[in-house]
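Below is one structure; the comments refer to it alone.
Keep in mind that this is a model prediction, so the values were computed, not measured. Side-chain atoms are counted along with the backbone in the values below, which use heavy atoms only and exclude waters and symmetry mates. We name chains A, B, ... by the order of the sequence lines, and we start the count at 1 in each one.
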Protein chains: 2
Amino acid sequence: MDRAVTISQVAALAGVSTGTASKALNGRGALRPETRLRVQQAAEQLGFVANAAARSLQTGRTYTVGMITTDSIGRFSIPLLIGAEDALGAGQMSVFLCDARDDPIREQYYLRTLLSRKVDGIIVTGRRTQARQPIGRDLPVPVVYAFISSADGRDCSVVPDEADGARRAIGHLLAVGRRRIAHVTGPEHHHSAQMRAAGAVDTLAAEGLRLATPVLYGEWSEAWGRQAAGILLSTGADVDAVFCGSDQVARGLAEGLRDAGREIPRDIALVGFDNWDVMVDGSRPALTSVDMDLEGIGRTAAEMLLAAINGEPVHGHQARPCRLVPRASTAV
Amino acid sequence: MDRAVTISQVAALAGVSTGTASKALNGRGALRPETRLRVQQAAEQLGFVANAAARSLQTGRTYTVGMITTDSIGRFSIPLLIGAEDALGAGQMSVFLCDARDDPIREQYYLRTLLSRKVDGIIVTGRRTQARQPIGRDLPVPVVYAFISSADGRDCSVVPDEADGARRAIGHLLAVGRRRIAHVTGPEHHHSAQMRAAGAVDTLAAEGLRLATPVLYGEWSEAWGRQAAGILLSTGADVDAVFCGSDQVARGLAEGLRDAGREIPRDIALVGFDNWDVMVDGSRPALTSVDMDLEGIGRTAAEMLLAAINGEPVHGHQARPCRLVPRASTAV
DNA sequence: AATGTCAAGGAAATCGATTGCCTAGAAGCT
DNA sequence: AGCTTCTAGGCAATCGATTTCCTTGACATT
């Protein structure tokens with residue numbers, strides 16, 4: 001463990017004052033090029049890295065943003081985080097990840113921690129897209145909600161347009177010639193299930209069509225998908241495609257249909273939602289799915305946060321389009 | 001956006017000097033109880049939160065550790081992170097998560113960032129258990145490797161004992177009466193595949209047994225599992241159980257065997273590895289699997305890091321036992 | 001030669017909290 | 001009364017980098 005190198009050591013080696021060294025390294029002030037170079041070489045030679053605490057104490061900026069995931073870190077938070085890191089990394093900013101585990105106490109605790117660390121901004125995210133109570137009032141730093149949205153319309157939220165995703169799914173099924181479409185999804189009270197179902201119904205209505213059966217609500221699991229296959233077939237409804245509310249449901253449904261002797265996509269075409277790699281690739285056949293572009297949402301949220309940090313006011317709800325990824329389960 | 005409250009405002013409100021206020025809030029120095037209380041109430045009233053930068057500049061401690069995942073954040077890093085957060089959160093420390101995405105440049109960049117932020121310590125982790133080159137030499141802060149290990153034996157590493165996991169898997173299969181056991185796993189050059197295969201072979205040898213077929217190496221995918229089912233059956237080998245190197249392989253294998261008319265576990269019992277919820281629950285029947293206790297590894301790594309931060313020397317390779325989680329795929 | 005201009009770099013204040021040292025006053029002792 | 005001892009709390013240095021003035025000297029201008 002060496003002692004950390006400070007700027008005064010660099011300055012001493014270069015034969016200048018600390019102030020001059022600081023200017024040389026930060027490209028400020030009026031210095032002769034050779035002086036600047038001498039300082040830079042000295043810094044290089046000593047392996048100097050500026051003490052972030054000292055810098056932020058002086059400048060008031062920490063080049064750090066906090067990310068609070070209200071639900072446990074997982075499948076949704078990770079792409080959001082990666083997207084945010086992409087956007088922030090370009091600006092040399094780092095991300096503090098805090099997992100509140102769905103516990104309001106932990107959430108407030110982390111909020112205090114982030115404020116004490118004087119982060120430049122905060123991104124709030126979670127597992128559900130449903131609107132949530134704002135994390136705090138009159139915070140001293142800008143806040144952006146990603147994936148979830150804030151119930152306060154003045155807050156800035158970036159969310160996926162789930163109805164748009166449903167529209168693309170149905171549009172795709174119509175485009176490959178299916179007309180008798182069913183919809184199997186998660187719990188009826190779940191915001192995402194509602195949005196996706198509504199999007200599907202509306203899209204069909206615009207074509208003068210309707211779902212082949214009432215929406216089948218259940219849970220977000222493969223087991224429910226398998227069970228739904230049985231229900232669907234037992235109704236005797238003449239279905240030639242199913243739009244599923246999640247990839248897990250779709251995968252379960254695919255297995256259920258196979259077990260019952262139906263062939264996908266010949267007899268029934270299938271579209272999932274989430275474009276979750278292990279599900280879409282593991283399914284047989286590979287699953288067409290709707291991608292919410294979580295990385296893009298994370299990136300956009302981070303960009304808006306950066307704008308807010310730089311004083312450009314941002315607010316309002318922004319819904320981003322989805323993308324359909326066609327695979328074998330809807331091949332013509 | 002309020003202006004941040006400083007300790008001098010608290011001191012002024014309480015009618016004491018800043019030094020006294022600091023002592024009051026940190027429980028140091030000799031103060032009258034009523035003075036202490038007066039300061040605490042003033043801090044409370046103003047919503048004072050100490051500026052972490054100023055504090056760490058003075059004390060040299062940041063109460064922050066960095067976590068560098070060499071591979072992309074994912075299924076393995078998350079439980080490790082959660083475990084580490086558990087252990088560190090108790091000490092009021094936060095975690096900086098850095099995703100180096102398997103890129104040495106990014107890794108060194110993040111290392112510099114963490115050092116500039118004067119983190120108290122660093123946890124290095126990744127997707128593979130194989131030993132890796134140390135992340136740096138003579139770093140000014142302690143480093144602990146979690147899940148992966150450092151090639152330098154003097155470094156501190158906490159890893160799963162994968163051979164132990166294999167031993168438990170085979171032991172379990174033997175306990176439920178299976179004797180003709182095959183092993184299907186990932187790429188032969190993959191460290192985990194080697195450790196697990198060796199563990200399986202050794203455990204059988206200790207009982208005077210051997211694998212029913214040579215180890216089937218492939219890749220870590222469901223597709224390979226399905227393919228392996230065909231290979232296994234076509235050899236005509238009389239197999240009554242398969243230990244798989246991962247849950248994905250096991251799930252694929254289960255499907256392949258089902259398709260070929262074999263019943264699990266009656267005809268062939270199945271054990272996976274990783275205990276990955278979506279795989280073990282999605283399989284039919286639910287999959288018995290080996291759990292590496294990643295959270296425990298993260299927690300242990302964090303505890304060792306804390307010890308190192310507090311000056312207690314820690315080093316050496318620590319292998320932690322696995323746990324077998326029995327499910328329907330090996331039910332008697 | 002006297003004055004003005006400008007480039008280059010130094011000196012010192014500053015950010016906010018901590019902490020070692022010091023002092024004023026109270027209490028105890030002879 | 002005079003001395004010591006202790007307690008409570010203030011003062012000021014400190015951490016490391018940034019930044020705002022200043023100063024110095026070189027050069028140009030008249």
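Among the heavy atoms of the strands lying under 4.0 Å from B/T6 are primed sugar atoms or P, OP1, OP2 only; no base atom is included. Contacts of B/T20 with the nucleic acid, taken as non-hydrogen atoms under 4.0 Å apart, include base atoms.
The stretch residues 34-55 of chain A participates, sequence neighbours left out, in these salt bridge (charged side-chain N to carboxylate O under 4.0 Å, His left out) pairs: A/R32-A/E34. Under the ring pair (Phe, Tyr, Trp, His ring centres under 6.0 Å) criterion, the residue pairs touching residues 99-147 of chain A are A/F76-A/F147, with sequence neighbours excluded. Within the structure, the salt bridge (charged side-chain N to carboxylate O under 4.0 Å, His left out) test picks out the following pairs touching residues 119-135 of chain A (sequence neighbours left out): A/R61-A/D120, A/D71-A/R127, A/E107-A/R132. The salt bridge (charged side-chain N to carboxylate O under 4.0 Å, His left out) contacts involving residues 74-84 of chain A comprise A/R75-A/D274, where partners must be two or more places apart or lie in separate chains.
In plain terms, the two heavy atoms of B/A14 and B/A42 that are nearest each other are CB-CB, 4.1 Å. When all heavy atoms are compared, the tightest approach of A/D155 to A/S150 is OD2-OG, 2.7 Å. The nearest pair of heavy atoms linking A/A146 to A/T125 is O-OG1, 3.0 Å. Contact detail for A/I135 and A/Q108: the closest heavy-atom pair is O-NE2, 3.2 Å.
First and last contacting nucleotides of DNA chain D toward chain A (any atom under 4.0 angstrom from a heavy atom, 5' to 3' order): D/dG16 to D/dT20.
Within a 6.0 Å sphere centred on OH of B/Y63, other residues, nucleotides and ligands contribute 12 heavy atoms or fewer.
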Go through B/V39 and B/L25 one step at a time and tell me if the side chain to side chain contact (heavy atoms under 4.5 Å, CB included) criterion holds. CA-CA 7 Å; B/V39 174; B/L25 295 172; 4.0 Å; yes
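Put simply, NZ on B/K23 is 9 Å from P on C/dG20, counting in whole angstrom units. Note: CZ (B/R32) to C1' (C/dA26) measures 11 Å, nearest angstrom.
A heavy atom closer than 4.0 Å to some atom of DNA chain D occurs in B/L57, B/Q58, these being the qualifying members of residues 49-60 of chain B. Non-hydrogen atoms lying under 4.0 Å from DNA chain D are contributed by nothing in residues 108-119 of chain A. Of the residues in residues 34-44 of chain B, B/T35 come within less than 4.0 Å of DNA chain D through at least one heavy atom, sorted by number.
Judged by distance alone, the side chains of A/S192 and A/T129 do bring a donor and an acceptor atom under 3.5 Å apart. Between B/S94 and A/R117, the side chains place a donor N or O and an acceptor N or O closer than 3.5 Å (distance only, hydrogens not considered).
The salt bridge (Lys or Arg N to Asp or Glu O under 4.0 Å) test applied to A/R323 returns A/D291, not counting sequence neighbours.
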Side-chain donor-acceptor distances from residues 96-105 of chain A under 3.5 Å, at least two apart:
from: A/D99; atom 1: OD1; to: A/R101; atom 2: N; distance (Å): 3.0
from: A/R101; atom 1: NH1; to: B/D86; atom 2: OD1; distance (Å): 3.0
from: A/R101; atom 1: NH2; to: B/D86; atom 2: OD1; distance (Å): 3.2
from: A/D103; atom 1: OD1; to: A/I105; atom 2: N; distance (Å): 2.8

Under 3.5 Å, side-chain donor or acceptor atoms of residues 296-304 of chain A against the rest of the protein: list the pairs with distances, not counting sequence neighbours.
from: A/T300; atom 1: OG1; to: A/G296; atom 2: O; distance (Å): 2.8
from: A/T300; atom 1: OG1; to: A/R320; atom 2: NH1; distance (Å): 2.9

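Helix-axis bend for the helix from C/dA1-D/dT30 to C/dT30-D/dA1: the local axis fitted to the five terminal pairs at one end deviates from that at the other end by 60°, rounded to 10°.
OP1 and OP2 of C/dT18 both lie 4.0 Å or more from every side-chain N or O belonging to B/R28.
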